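Only one structure is covered here, and it is reproduced in the block below.
Everything numeric in this text was worked out from a predicted model, so none of it was measured. Just so you know, these numbers use all the heavy atoms, side chains as well, and skip hydrogens, waters and symmetry mates. Below, chain A is the first sequence line, B the second, and so on; all start at residue 1.
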Number of protein chains: 2
Amino acid sequence: MSDPETDPEILLRDFLGYHLKRAYVTVHADFRDIMGDAGLSTRVFSALAMVVGQQGITQSELARALGVERSGMVALIDELEGADLIRREPVPGDRRVQALQPTDRGVARFDELVALVRAHEARCFAGLDDTEKDMLLHLLHKVRMGGVTT
Amino acid sequence: MSDPETDPEILLRDFLGYHLKRAYVTVHADFRDIMGDAGLSTRVFSALAMVVGQQGITQSELARALGVERSGMVALIDELEGADLIRREPVPGDRRVQALQPTDRGVARFDELVALVRAHEARCFAGLDDTEKDMLLHLLHKVRMGGVTT
DNA sequence: TCGAATTGTTTAGTTCCATAACAGTTACAG
DNA sequence: CTGTAACTGTTATGGAACTAAACAATTCGA
């Protein structure tokens, strides 16, 4: 089993949640490092990806998709709009909502960022072969979906 | 594959890091819910587990083991000491360090908490069978260790 | 038509964490 | 020995990533 002299995580190692957090922190730190020059956080990148992937999505829809509060989206969208990567557009039928559209610059920038993120992921998950990566992704997805029946 | 109409996460779903974060947030939220009554955060629980598992560990060693800064440990240890779950003890040979020992109350409390956390994990990972849980734990451990060669 | 619900927004606050500096202590090179 | 480097716990400060509550404008629905 485990030798208390060499492994300090005697009791903690049995908890999946602990390993999940440590892995997340490790990967997130590397993301911050690689994106430091670009100045984009994970949330901002995720939001940009979502807008590029589903053009015309509203802020509320985006918040729901990303699992954060509406109020938290404002500063995030402000940042992306300030960088001229996306823009808010009024929607003819409903004057409450604003559809989010990526600018040409936003789409181009997103492609560059994807290359950076792919390199980051390649490095973070270098210890896993393709089969293991697929398995990990599948299991993580299952964990997220298992709790809440959308 | 994916239908853009039904799956808004068109571009994001290919990134392991995104799924890792979402799964972490989901599990962490459930942890907060179940431990809300006890009033202990994940970090405090982890620290208590570590002290119980390796009695006499110093604050610096604990910080290294948990992957946080020394300065961040102080308030955390204060909280545990204030709740009479652990105590700081001087070490004969070295007047700089303080060995952390769990109190009897701390050990008893930890056992109660472990039961809570096991229930929490059972619920969060209910969608996975035992083989999948083992696989997930193994993969997450590999991710954390792959990046940094300690 | 009038109350309920939704949208984007602001404000305020929480939590978790890092960075930098510090005084006290120990280790070590010369 | 001695002076310097390194390490310990600690404080102060601040930032990042949220959440909760309230708000006006708008739309929906009975």
Exercise for review: Measure from the ring center of A:F15 to the ring center of B:F31 and say whether it is less than 6.0 Å.
Suggested key: no
Point to revise | Most 5' of B:G93 and A:I77 on DNA chain C, judged by nearest nucleotide | key: A:I77
Check your understanding: So which one's nearest nucleotide on DNA chain D is more toward 5', A:H28 or A:D94?
Key -> A:H28
Review point. Between B:S60 and A:R32, who's closer to the 5' end of DNA chain D by nearest nucleotide?
Key: B:S60
To the nearest Å, how far apart are [X] [atom1] and [N] [atom2]?
X	N	atom1	atom2	answer
B:M35	C:dC16	CE	P	12 Å
A:R87	C:dG8	CZ	P	17 Å
A:M73	C:dT6	CE	P	18 Å
A:D78	C:dT11	CG	P	12 Å
A:L40	D:dA16	CG	C1'	15 Å
A:R64	D:dT19	CZ	P	15 Å
A:Y24	D:dC18	OH	C1'	11 Å
A:L66	D:dT19	CG	C1'	16 Å

Base [N] to side chain [X], donor-acceptor N/O within 3.5 Å cut-off:
X	N	answer
B:S71	C:dT19	yes
A:S41	D:dA17	no
B:R95	C:dT25	no

Please tell me which of the listed nucleotides, [options], lies nearest to the side chain of [X]?
X	options	answer
B:R70	C:dT7, C:dT9, D:dT10	D:dT10
B:E69	C:dT19, D:dT10, C:dG8	C:dT19
A:R96	D:dA25, D:dT10, D:dA17	D:dA25
B:V74	C:dG8, D:dT10, C:dC16	D:dT10

Check your understanding: With a 4.5 Å limit on heavy-atom distance, are the side chains of B:L62 and B:M73 in contact?
Key -> yes
Exercise for review: Tell me what B:Q59 touches on the nucleic acid: a base, only sugar-phosphate, or nothing, going by heavy atoms under 4.0 Å.
Suggested key: sugar-phosphate
Review point. Which part of the nucleic acid, if any, lies within contact of B:V97, taking any heavy atom under 4.0 Å across all strands shown: a base, the sugar-phosphate backbone alone, or nothing?
Key: sugar-phosphate
Point to revise | Intermediate values then yes/no, salt bridge (charged side-chain N to carboxylate O under 4.0 Å, His left out), B:E132 and A:K142 | key: CA-CA 10 Å; B:E132 288 175 320; A:K142 228 170 167 180; 2.9 Å; yes
Exercise for review: Report yes if at least one side-chain N or O of A:R43 is closer than 4.0 Å to OP1 or OP2 of D:dC18; otherwise report no.
Suggested key: yes
**Study point:** Distance test, side-chain N/O of A:K21 to OP1/OP2 of C:dC16, below 4.0 Å
**Key:** no
Point to revise | Charged N-O contact under 4.0 Å between A:E81 and A:R88 | key: yes
Exercise for review: Work out which heavy atom in B:C124 is nearest to a heavy atom in B:V27; give both atom names and the distance.
Suggested key: SG-CA, 4.1 Å
Revision key, fill the gap. Between A:H120 and A:D30, the two heavy atoms sitting closest are ND1-OD2, 2.6 Å
